[in-house]
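Down below is the structure, laid out as structure tokens.
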Amino acid sequence: MIPEKIIRIGSGAGYSGDRIEPAVDLIKEGNLDYIIFECLAERTIALAQLQKMQDPELGYDPLLEERMKACLAHCVSKKVKLISNMGAANPLAAAKKTAKIAQELGLTNLKIAAVFGDDVMSMLDFSTQTFLESGESLSVLGNKIISANAYMGVEGILIALEEGADIILTGRVADPSLFLAPLIHEFAWSMDDYPLLGKGTALGHLMECAGQICGGYFADGVKKQVPNLGNLGFPIAEINNDSLFHITKLKDSGGMVTTATCKEQLLYEVHDPSAYLTPDVVADFSNITLKEIEKGKVEVYGASGKALTGKLKVSVGYHDGYMADAQISYGGSYALERAQLAIEIVKERLRTKNLEVEDILFDLIGINSLFKEYTSDIYPQELRLRIAAKTKTKETAVKLVNEVETLYTNGPAAGGGISKLVTEVIAIQSILIDKKKVVPKVEYFKS
Amino acid sequence: MKLKEIAHSRTGDKGDMVNISVIAFDEKDYPIIQKKVTAEKVKLFLGETIQGEIIRYEVATLGAINFVMHKALRGGVTRSLRLDKHGKTLSSILLEMPINTND
């Protein structure tokens with residue numbers, strides 16, 4: 001009989017700006033083998049690429065330094081391997097920086113891997129490729145394109161694990177693959193055992209948003225109560241060599257792991273539950289059942305998977321004009337009438353000044369920002385008018401928010417608290433690329 | 001009755017699409033959700049917020065329905081003018097949907 005092998009994986013971040021203390025608690029007290037930090041949203045890599053263009057030593061996650069300083073010593077003393085996509089647009093610089101931080105902390109002999117090869121900018125074919133979302137040709141965007149990163153699978157991380165890396169920092173790797181890679185490595189799963197890869201992907205998908213499976217993004221304040229959200233714990237997945245796994249968390253941390261929190265997370269960002277596409281497998285969640293085997297421990301059965309399509313998704317980041325956002329508040333009787341009058345005035349001004357917008361939105365917001373004493377006989381007691389517009393140029397956006405500002409002296413009575421903001425829009429759309437073209441590369445740094 | 005009495009819900013986003021899960025608190029109520037919460041009714045209830053089609057997936061083992069909604073974010077998370085660019089609040093709105101158990 002094969003002795004039971006158990007691997008415990010913690011999730012240390014659900015997004016780039018996530019809380020750091022719950023990750024430190026997991027590393028210290030979770031009896032973990034691995035901690036995974038998922039920090040790379042769709043657009044983050046395009047923003048990171050812009051940073052790298054400014055400074056070739058940057059372009060990795062802005063909290064990398066803080067996270068490493070908080071976690072590295074505990075990872076070493078508890079023998080926990082760290083895997084993260086905090087490399088963003090510059091895994092090499094992230095790994096180099098991490099080696100330096102480790103040295104400063106007196107942690108020597110750490111093998112730190114940079115996994116890259118996701119940058120496919122040079123492979124873009126402007127003449128034939130079209131965006132999946134808009135159907136437009138890439139050629140329409142020309143020099144507005146900032147970045148193009150393929151979603152890689154487990155391959156690069158597997159190489160780094162096989163070569164003994166302690167810390168692995170990647171660029172764009174699909175979120176569940178960050179969790180699936182150590183499972184394949186530890187249990188020697190075959191890369192074409194799709195049902196197993198589907199199981200590991202289900203584990204990764206459940207874990208990738210950290211606090212969201214422990215009762216974060218769940219409480220409704222009335223029917224769905226979650227204890228101690230101010231100290232929300234992050235999840236632990238425990239899996240054995242029969243690929244049976246459960247989700248749990250540290251007992252004294254806030255939040256809860258129940259079948260309900262697991263169900264919400266299982267379907268989060270999923271389209272067809274029988275075909276969840278990743279670079280590694282087409283995972284099938286459509287027959288999953290969940291069972292609370294003890295309080296705070298949910299076992300997951302029935303995940304499976306099928307073979308791949310041979311294509312990878314590529315996120316293309318590009319400059320997409322500007323966004324103008326201007327707001328003004330009205331209170332007391334006739335607040336709604338005055339806000340509506342303001343809208344008509346602004347519309348007329350945009351026509352007069354010939355300000356062209358691609359899209360414009362008029363929102364009415366508000367409860368008690370103007371008067372804390374609620375007087376029930378006036379409804380609405382207050383309104384905040386928000387005018388948001390998308391423009392091709394910065395100049396138009398600036399003119400537009402300034403037009404809203406002129407409502408102070410030229411608009412309806414008693415309009416107050418104007419705010420105005422102009423931001424550059426970095427947008428993301430997707431294309432597909434042959435998986436064969438995307439070759440993972442791994443380089444190492446020693447502390 | 002409103003949907004919120006028998007179900008909970010979560011929104012996820014991808015590009016200009018959202019998925020909204022509708023999950024029975026108690027699996028014995030799943031057949032009601034399965035029968036009453038159709039793609040057509042959801043589309044009618046959410047109105048012009050969702051510009052594209054709504055596709056419905058049943059996940060009986062979880063007692064849940066997953067709705068995938070196209071053109072839901074006014075151009076997508078990265079370029080939407082909406083205050084809630086991810087559509088995260090849409091799940092709470094959907095739970096206000098009336099369920100008529102008499103017909």
Side-chain angles (χ1 to χ4, degrees), chain A residues 41-43 46-47 131-134 209 212 217-218 220 222-224 259-275 285-290 301-302 315 317-318 320-321 323-325 327 357-363 365 386-390 425-430, chain B residues 2 4-27 30 48-49 51-52 54-89 91-92 95-96:
Chain A
E42 264 189 320
R43 174 162 50 182
L47 301 174
F131 285 120
L132 299 177
E133 292 86 352
S134 67
C209 295
Q212 275 195 190
Y217 194 33
F218 184 84
D220 67 2
V222 180
K223 268 184 93 165
K224 291 158 75 190
T259 55
T261 68
C262 292
K263 283 177 189 176
E264 283 197 19
Q265 192 53 27
L266 187 62
L267 292 175
Y268 179 70
E269 291 181 342
V270 167
H271 288 177
D272 179 351
S274 71
F285 301 160
S286 64
N287 288 305
I288 285 184
T289 52
L290 302 165
Y301 317 89
S315 281
Y318 60 98
D320 189 30
M323 197 180 306
D325 181 321
Q327 304 182 16
V357 295
E358 292 177 350
D359 189 14
I360 190 159
L361 187 60
F362 300 94
D363 287 334
I365 308 165
R386 171 178 180 263
I387 301 177
K390 191 138 177 304
V425 178
I426 306 297
I428 291 284
Q429 289 201 63
S430 318
Chain B
K2 282 187 169 182
K4 66 180 178 187
E5 290 167 51
I6 54 170
H8 58 112
S9 176
R10 174 171 294 191
T11 309
D13 65 276
K14 204 142 275 182
D16 197 14
M17 294 153 85
V18 296
N19 82 293
I20 307 183
S21 59
V22 173
I23 305 162
F25 280 115
D26 185 333
E27 286 183 14
Y30 176 63
E48 65 178 36
T49 303
Q51 293 283 313
I54 296 180
I55 299 168
R56 180 182 187 271
Y57 297 98
E58 296 185 0
V59 194
T61 51
L62 300 178
I65 307 277
N66 191 36
F67 293 98
V68 177
M69 309 190 179
H70 294 252
K71 293 187 184 164
L73 297 173
R74 216 177 169 101
V77 180
T78 55
R79 49 209 300 264
S80 176
L81 291 180
R82 287 170 42 168
L83 211 48
D84 173 17
K85 296 175 194 306
H86 300 84
K88 288 182 185 284
T89 56
S91 55
S92 309
L95 290 178
E96 298 300 321

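Letters go in sequence order (proteins before strands), and every chain restarts at 1. Keep in mind that the numbers below use all heavy atoms, side chains included, and drop hydrogens, waters and symmetry copies.
- In terms of heavy-atom pairs under 4.5 angstrom with chain A, the leader among B:R74, B:H70, B:K71 is B:R74.
- The existence of a salt bridge linking A:E358 and B:R79 is excluded, since no basic side-chain nitrogen approaches an acidic carboxylate oxygen closer than 4.0 Å.
- For A:E42, the part lying near chain B is the side chain, with the backbone staying farther off; criterion is any non-hydrogen pair under 4.5 Å.
- Only the backbone of A:A389 comes within contact range of chain B, with at least one heavy atom under 4.5 Å from a heavy atom of that chain.
- Heavy atoms closer than 4.5 Å to chain B are found in both the backbone and the side chain of A:K263.
- Only the backbone of A:I426 comes within contact range of chain B, judged by heavy atoms closer than 4.5 Å.
- Using a 4.0 Å cut-off between charged side-chain N and carboxylate O, A:D320 and A:K390 make a salt bridge.
- No donor-acceptor pair under 3.5 Å is formed between the side chain of A:S274 and the backbone N or O of A:S286.
- Contacts of A:L266 with chain B are made by side-chain atoms alone, with heavy-atom separations under 4.5 Å and no backbone atom involved.
- In terms of non-hydrogen atom pairs under 4.5 Å with chain A, the most contact-rich of B:V68, B:L62, B:I20 is B:L62.
- The most heavy-atom pairs under 4.5 Å with chain A, out of B:T61, B:N19, B:D16, B:L81, come from B:L81.
- With a 4.5 Å cut-off on non-hydrogen atoms, A:Y318 touches chain B through its side chain but not through its backbone.
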